[in-house]
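Heads up: the structure comes next, in structure tokens.
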Amino acid sequence: MKNSYEPLHRDFFMQSTIDLAQALLGCTLVKITNEGTAAGYIVETEAYMGPMDRAAHSHQNRRTKRTEIMFAEAGHVYTYLMHTHCLVNVVSSDKEKPEAVLIRAVEPVAGMELMFKRRGMTDIKNLTNGPGKLTKSLGISMEDYGRVLWEPPIFISNGISPHSISQGKRIGINNTGEAKDYPWRFWITENPFVSRHQIESKKPVI
DNA sequence: TGGATGATGGCCT
DNA sequence: GGCCATCATCCAA
């Protein structure tokens, strides 16, 4: 395990949301707490495109206490609660443009013991292969809401270069009309830690 | 102020 | 695949 990680510069986040969603693949997501450091390579992301995207919380510029941080500068942390789980997003695009990238899965890299302890299990394949699982493993919570990702205790660092990137429909947004079919999910091809290996349509898409 | 909602996960059959 | 725990947030009234 590395002793320290170097955060990427804030300029890294200044690219289009679709580009950022892919650029984040292979990067290391690091969280430091008083329990220790935990980190993972980002292997799966989804882009949420703001006002025009019915699946986005910021659809039609909906601006509430929850979505407020989506309107901030790129590189802020947008965490929110889904049932009993915390999900983490990277705010993207310009100020006042509420776009974000959801981190859906990481590959464990450092702090494995701590992650297992937090999750209360020992199966590495199920440790961080989902948006709620990775936040619990890394110790990411609502306390991280509004933090910036270019300095500790939560930040993005260099990692690996994906050999190949796959693209498909986003997951879990089946009540959002056409938006459910937009191909804004990205993952490292054949990485064993992605949340789902393929999405099948039960009915043919016309 | 209350009821509906959900970018999930774990357990069940 | 189905069921549902469980709770902050949101919005209608």
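Order of the sequence lines fixes the chain letters, A, B, ..., with proteins taken first and strands second; residue numbering starts at 1 for each chain.
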Nearest whole angstrom, please: distance from the [atom2] of [N] to the [atom1] of [X].
X	N	atom1	atom2	result
A:H59	C:dT9	NE2	C1'	18 Å
A:R196	B:dG9	CZ	P	8 Å
A:K133	B:dA7	NZ	P	18 Å
A:R63	C:dC10	CZ	P	13 Å
A:L87	B:dT5	CG	P	20 Å
A:I171	B:dG9	CD1	C1'	13 Å
A:L81	B:dA7	CG	P	12 Å
A:E46	B:dT8	CD	C1'	12 Å

Quick one: do A:R54 and A:E178 make a salt bridge, cutoff under 4.0 Å? no
For residues A:I173 and A:V101: do they belong to one hydrophobic cluster (side chain heavy atoms under 4.5 Å, members Ile, Leu, Val, Met, Phe, Trp, Tyr)? no
Return yes when atom CE of A:M52 has more than 12 non-hydrogen atoms of other residues, nucleotides or ligands closer than 6.0 Å, and no otherwise. no
Step through the shown structure and confirm whether more than 12 heavy atoms of other residues, nucleotides or ligands are within 6.0 Å of CD on A:E143. no
Judged by nearest nucleotide, the residue sitting upstream toward the 5' end of DNA chain C, A:T84 or A:T67, is A:T84
When you match A:H85 and A:M142 each to their closest nucleotide on DNA chain C, which lands nearer the 5' end? A:H85
Geometric class of the A:Y145/A:Y78 ring pair [parallel <30°, tilted 30-60°, perpendicular >60°]: perpendicular
Aromatic-base stack, A:H83 on B:dT8, cutoff 5.5 Å, angle under 30: yes
Closest of C:dT6, C:dC10, B:dA7 to the A:Y80 side chain is B:dA7
Among B:dG6, B:dG10, B:dA7, the nucleotide that comes nearest once only the side chain of A:H57 is considered: B:dA7
Here the pair of heavy atoms bringing A:I42 nearest to A:I188 is O-CD1, 3.8 Å
A:R62 vs C:dC11: side-chain N/O to OP1/OP2 distance below 4.0 Å: yes
Classify A:R119 by what it touches in the nucleic acid, base, sugar-phosphate, or nothing, heavy-atom distance under 4.0 Å. sugar-phosphate
For A:L102, report the nucleic acid contact type (base, sugar-phosphate, nothing); a contact means any heavy atom under 4.0 Å. base
Going by distance alone, is a donor N or O of one side chain under 3.5 Å from an acceptor N or O of the other, for A:T17 and A:S93? no
Would you say that A:R170 contacts A:Y48 through its side chain, given a criterion of any heavy-atom pair below 4.5 Å between the two side chains? yes
Please give me every residue in residues 121-132 of chain A whose heavy atoms get under 4.0 Å of an atom in DNA chain B, ordered by residue number. A:G130, A:P131, A:G132
Could you check whether any side-chain N or O of A:D123 sits under 3.5 Å from a backbone N or O of A:K125, counting only pairs where one atom can act as donor and the other as acceptor? yes
Taking A:E73's backbone N and O only, do any of them form a donor-acceptor pair with A:H76's side chain (distance below 3.5 Å, no angle check)? yes
So that I can compare with my own list, what are the stems of DNA chain B, taken as at least three consecutive Watson-Crick or G-U pairs with distances under 3.5 Å? B:1-6 with C:7-12, B:8-12 with C:1-5
